[in-house]
Amino acid sequence: MQNRTDNNVNIVMLRGACLWILMALILAWCLVGLYNQLEFLQALIPGSPKRVLQAHLDFLIMTALILGYYAVKVALPWHVRWAMVIGAFTNSSLFLMYALFPVLDPLHDAFNPEVTGAGLFNVYLYASLLMTSYGFGKGAVIILKSTFTAKTESE
């Protein structure tokens with residue numbers, strides 16, 4: 001494949017993946033505390049524990065995606081790498097925000113679309129979706145194109 005790179009070019013992806021694994025571990029411990037009804041965690045996270053589980057799983061999935069892109073060893077532009085890493089965090093954090101602020105969660109009884117900050121949250125939500133889609137989508141196109149520009153071993 002063309003555009004092969006040494007690992008230092010995409011190092012931000014490794015750093016981001018490691019941080020998001022650590023975040024997933026923290027959330028796993030939060031889940032243990034929530035399911036064991038630790039009062040301070042229930043007070044800190046008043047929303048649904050299912051949202052914490054979704055955040056935990058999304059951090060793991062995003063980490064796997066980032067590591068998969070990194071493993072291909074195709075050089076990605078800085079803006080694609082950063083969009084992946086930041087988008088992976090913001091996308092996963094949406095579920096955590098639903099757990100922390102149930103008034104923002106459309107699946108929670110306390111949901112109130114008129115609450116102060118709901119507009120700002122919607123900006124964050126759509127910016128996250130756009131950034132994540134751009135990073136992973138553009139990365140996929142670059143990697144796909146690299147498979148057509150060089151002789152592969154099977155050709």
Side-chain angles (χ1 to χ4, degrees), residues 1-31 44-45 47-108 111-155:
M1 279 194 251
Q2 191 176 3
N3 295 333
R4 284 184 108 31
T5 181
D6 65 272
N7 293 339
N8 289 333
V9 173
N10 294 336
I11 197 76
V12 72
M13 296 167 72
L14 272 184
R15 291 175 179 162
C18 289
L19 289 171
W20 308 158
I21 287 173
L22 292 173
M23 188 65 180
L25 287 170
I26 290 167
L27 291 173
W29 280 104
C30 287
L31 282 167
L44 180 65
I45 305 172
S48 173
K50 289 179 183 178
R51 292 302 198 175
V52 179
L53 177 60
Q54 285 178 303
H56 165 74
L57 293 173
D58 205 54
F59 273 110
L60 292 175
I61 291 165
M62 290 297 182
T63 298
L65 283 170
I66 290 171
L67 291 175
Y69 277 79
Y70 178 84
V72 174
K73 296 184 180 177
V74 172
L76 299 172
W78 69 269
H79 48 89
V80 172
R81 297 188 309 259
W82 278 98
M84 282 184 190
V85 171
I86 294 169
F89 175 80
T90 58
N91 192 64
S92 302
S93 72
L94 291 167
F95 296 115
L96 186 57
M97 286 193 183
Y98 286 150
L100 293 170
F101 308 106
V103 294
L104 298 174
D105 185 354
L107 300 179
H108 198 278
F111 177 63
N112 180 0
E114 303 301 319
V115 71
T116 303
L120 184 60
F121 176 77
N122 282 330
V123 170
Y124 181 81
L125 183 147
Y126 289 109
S128 172
L129 295 174
L130 286 170
M131 185 175 308
T132 307
S133 297
Y134 173 75
F136 288 100
K138 180 74 172 177
V141 168
I142 291 168
I143 292 168
L144 179 63
K145 285 174 67 174
S146 78
T147 66
F148 293 110
T149 56
K151 292 271 186 192
T152 61
E153 292 178 24
S154 63
E155 290 182 328

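Excluded from the calculations below are hydrogen atoms, water molecules and symmetry mates; all remaining heavy atoms, backbone and side chain alike, are included. These numbers come from a predicted model, not from an experiment.
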| query | Closest heavy-atom contact between A83 and G135? | reply | CB-CA, 3.7 Å

| query | Do P113 and N122 come close enough that some side-chain heavy atom pair is under 4.5 Å? | reply | no

| task | Begin from the C-alpha positions of L14 and N10 and carry the test side chain to side chain contact (heavy atoms under 4.5 Å, CB included) through to its verdict. | result | CA-CA 7 Å; L14 272 184; N10 294 336; over 6 Å; no

| field | Heavy-atom pair with the smallest gap, counting every atom of G87 and M131 | value | N-SD, 3.8 Å

| query | Is there a donor-acceptor contact under 3.5 Å from the side chain of S133 to the main chain of L130? | reply | no

| note | Taken to the nearest 0.5 Å, the spacing of L94 CG from Q54 CD works out to 10.5 Å

| field | Heavy atoms of other groups near Y134 OH, more than 12 under 6.0 Å | value | yes

| request: Could you check if a side-chain atom of L65 sits within less than 4.5 angstrom of a side-chain atom of M84, using non-hydrogen atoms only? | output: no

| said: Let's go through K138 and L76 carefully: what are the C-alpha distance in whole Å and the side-chain angles of both, what is the deciding distance for side chain to side chain contact (heavy atoms under 4.5 Å, CB included) to 0.1 Å, and is it a yes or a no? | reply: CA-CA 9 Å; K138 180 74 172 177; L76 299 172; over 6 Å; no

| message | Can you tell me how far apart CE (M13) and CG (L67) are? Round to the nearest 0.5 Å. | response | 8.0 Å

| Given side chains that start at C-beta, do those of K145 and I142 come closer than 4.5 Å, heavy atoms only? | no

| request: Please report the shortest heavy-atom distance between A88 and S92, naming the atom on each side. | output: O-OG, 2.9 Å

| query | Which heavy-atom pair separates L104 from A118 by the least distance, and what is that distance? | reply | CD2-CA, 4.0 Å

| Taking the six-membered ring for Trp, are the ring centroids of F121 and Y98 within less than 6.0 Å of each other? | yes

| said: Could you measure the distance from the CZ atom of F89 to the OG1 atom of T132? Nearest 0.5 Å is fine. | reply: 11.5 Å

| task | Supply the atom-to-atom distance L53 CG to L27 CG, rounded to the nearest 0.5 angstrom. | result | 9.5 Å

| note | OG1 of T63 to CG of D58, rounded to nearest 0.5 Å, is 9.5 Å

| Stepwise, does the side chain to side chain contact (heavy atoms under 4.5 Å, CB included) test hold for V85 with W20? | CA-CA 9 Å; V85 171; W20 308 158; 4.0 Å; yes

| Heavy-atom closest contact (H56 atom, A28 atom, distance) | CE1-CB, 3.7 Å

| note | What one should report as the nearest heavy-atom pair of L31 and P49 is CD2-O, 3.5 Å

| request: Please work out which of the three classes, parallel, tilted or perpendicular, describes the rings of F136 and Y69, given edges at 30° and 60°. | output: perpendicular

| How many angstroms lie between CG in L129 and OH in Y124, if you round to the nearest 0.5 Å? | 10.5 Å

